[in-house]
Amino acid sequence: MTPQLVFIIIIAIIIIDFIIDKYIYFLNAKHFNDPIPDDLSDVYNQEEYYKSQSYKKENYKFSLITSSFSILLTLAFFIFKGFAWVDGIARSYSDNDIIITLIFFGIIMLGSDIITTPFSFYQNFVIEEKYGFNKSTKKLFFIDKLKGWGLSILIGGGILAVIVWFYQKTGDLFWLYTWILIGVFTVFMTMFYSSLIVPLFNKQTPLEEGVLKSAIESFANKVGFKLDKIFVIDGSKRSTKANAYFSGFGAKKRIVLYDTLINDLETDEIVAVLAHEVGHYQKKHVFINMFLSLLLTGFTLYILSLFIGNSVLSEALSVRIPSFHIGLIAFGILYSPISEVTGILMNYLSRKFEYQADNYARNKFNATDLISSLKKLSKNSLSNLTPHKAIVFLHYSHPTLLQRITNLKK
Ligand SMILES: [Zn+2]
């Protein structure tokens, strides 16, 4: 295959992916005004419904603008040999391949983050603000950004450096060592995410004694689930949107409830949400997801190892000296149709798991409280009650509210 052909394929993939994505969102937007299904008629009152309608439309328009901007920028970068330019800058600082790779990705990541920051700023402080969701301050927004950069440099940079080193030392076998590294890192992060990363951004406090805690404990006892770590996280310092999640496993497992969730829901509704989370744990979803994503990582790395040494990838991007980092950029785009497909399969499985966790909550607790909590959460985040089938199939990790309620009422 010639470098020219590879280049054309890369550009074609970027454009086709964009067109399909925009078409799906367009289809979805066409159904914004669909009649609300009977089962969901009590989610919004008239005024809230109008508010949710304009929220959807505003987000749709905004995402059209940002994604168009970003594809134009990406195409320009590919067409005007941006990667060769950045490669040249990186090489002017060092002869060491690891350092060159780090500088190269540092410039690309930081550059694209700085360019897109005005958009995320607008999203937060104009759109989310207008609908009453945003609670973050501008200061906090930028502190979060800096912390995010610090983490990326430390963790991302560290892992990247080791991978390039594996590549230098073991050649084609680097994928196996990288796979092991990512596997160990994933398990480590799953266990320590809550105690190492979360505290950098949020405060977690043990749930205080009271009605809620005893309700949760009596549920946990009833289903024989050992649960001694229930934390409340101060999500309200950034957004009014509510959430709850499970993290870690074994002795490290904990349930984290957003303070906004505790404000918005009644005690039994919170227990129902928790029962759903316990369902995920009992049905081994945490392990299955980790196992599958590891398999997928191994598969991707193996395919990468077949292509990475091929200088055509670098030549396609007009870079003279073949390198790991340029190969990685070209591969990232060429592989994206496959990751699109695996993403769809993972979403399909995730929706199956959501039904299973809902069923668990229905059988071990009750359906009524889960239904009313799901309705409240949808209402409070002004979510779309009539999404199009195609977008659910491609992008939704959870079934729609209607699907979940229909299932719970069975
Ligand atoms: Zn779930």
Side-chain angles (χ1 to χ4, degrees), residues 39-40 43 186 189-190 193-194 198 204 207 212 215-216 219-220 222-223 225 227 229-233 235 239 241-249 252-262 264-293 343-381 383-385 387 391-410:
D39 272 340
L40 306 182
V43 173
T186 307
M189 264 304 160
T190 310
Y193 176 75
S194 277
V198 178
Q204 303 174 98
L207 179 63
L212 178 58
I216 292 174
F219 171 77
K222 192 183 100 187
V223 296
F225 186 74
L227 184 63
K229 295 192 187 91
I230 311 164
F231 286 86
V232 181
I233 195 170
S239 169
K241 290 178 179 171
N243 203 357
Y245 64 89
F246 217 106
S247 93
F249 53 81
K252 284 279 166 196
K253 70 175 189 282
R254 61 167 82 182
I255 292 244
V256 181
L257 304 170
Y258 275 54
D259 54 354
T260 42
L261 187 87
I262 296 176
D264 291 353
L265 301 183
E266 305 296 329
T267 301
D268 278 346
E269 292 169 338
I270 299 172
V271 177
V273 170
L274 215 118
H276 169 99
E277 297 302 327
V278 171
H280 277 308
Y281 196 85
Q282 299 289 59
K283 301 271 172 196
K284 309 262 184 295
H285 295 163
V286 185
F287 287 100
I288 298 171
N289 279 332
M290 203 155 72
F291 179 73
L292 283 179
S293 79
I344 292 170
L345 293 176
M346 289 300 273
N347 273 338
Y348 176 80
L349 186 70
S350 166
R351 293 194 299 270
K352 284 263 167 272
F353 285 173
E354 290 307 318
Y355 283 127
Q356 288 179 9
D358 278 352
N359 292 344
Y360 180 90
R362 177 188 56 201
N363 300 338
K364 303 285 178 178
F365 194 62
N366 70 63
T368 326
D369 283 311
L370 187 56
I371 290 176
S372 71
S373 70
L374 290 174
K375 282 182 176 172
K376 276 190 191 173
L377 292 173
S378 287
K379 170 182 121 111
N380 291 353
S381 59
S383 69
N384 181 8
L385 300 185
I391 207 161
V392 176
F393 178 75
L394 294 174
H395 296 311
Y396 273 42
S397 60
H398 287 57
T400 67
L401 181 62
L402 180 65
Q403 288 171 326
R404 292 179 76 176
I405 289 179
T406 311
N407 171 64
L408 281 168
K409 281 185 172 169
K410 259 194 247 165

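Atoms within each ligand, like the ligands themselves, are counted from 1 in listed order.
- Annotation: salt bridge (charged side-chain N to carboxylate O under 4.0 Å, His left out) contacts of Lys241 (sequence neighbours excluded): Glu128.
- A cation-pi geometry, defined here as NZ or CZ lying under 6.0 Å from the six-membered ring centre and within 45° of its normal, holds between Lys253 and Phe225.
- Shown here are the side chain to side chain donor-acceptor pair (under 3.5 Å) partners of Asn363, two or more places apart in sequence or in another chain: there are none.
- Side-chain N or O atoms of Arg362 include one that pairs as donor or acceptor with a backbone N or O of Asn407 at under 3.5 Å.
- The side chain to side chain contact (heavy atoms under 4.5 Å, CB included) check on Ser293 picks up nothing, with sequence neighbours excluded.
- Listing protein N, O or S atoms at distances below 2.8 Å from the Zn ion (ligand 1), with waters left out, gives His276 NE2, His280 NE2, Glu354 OE1, Glu354 OE2.
- Aromatic ring orientation, Tyr281 versus Phe246: parallel (interplanar angle below 30°, classes split at 30° and 60°).
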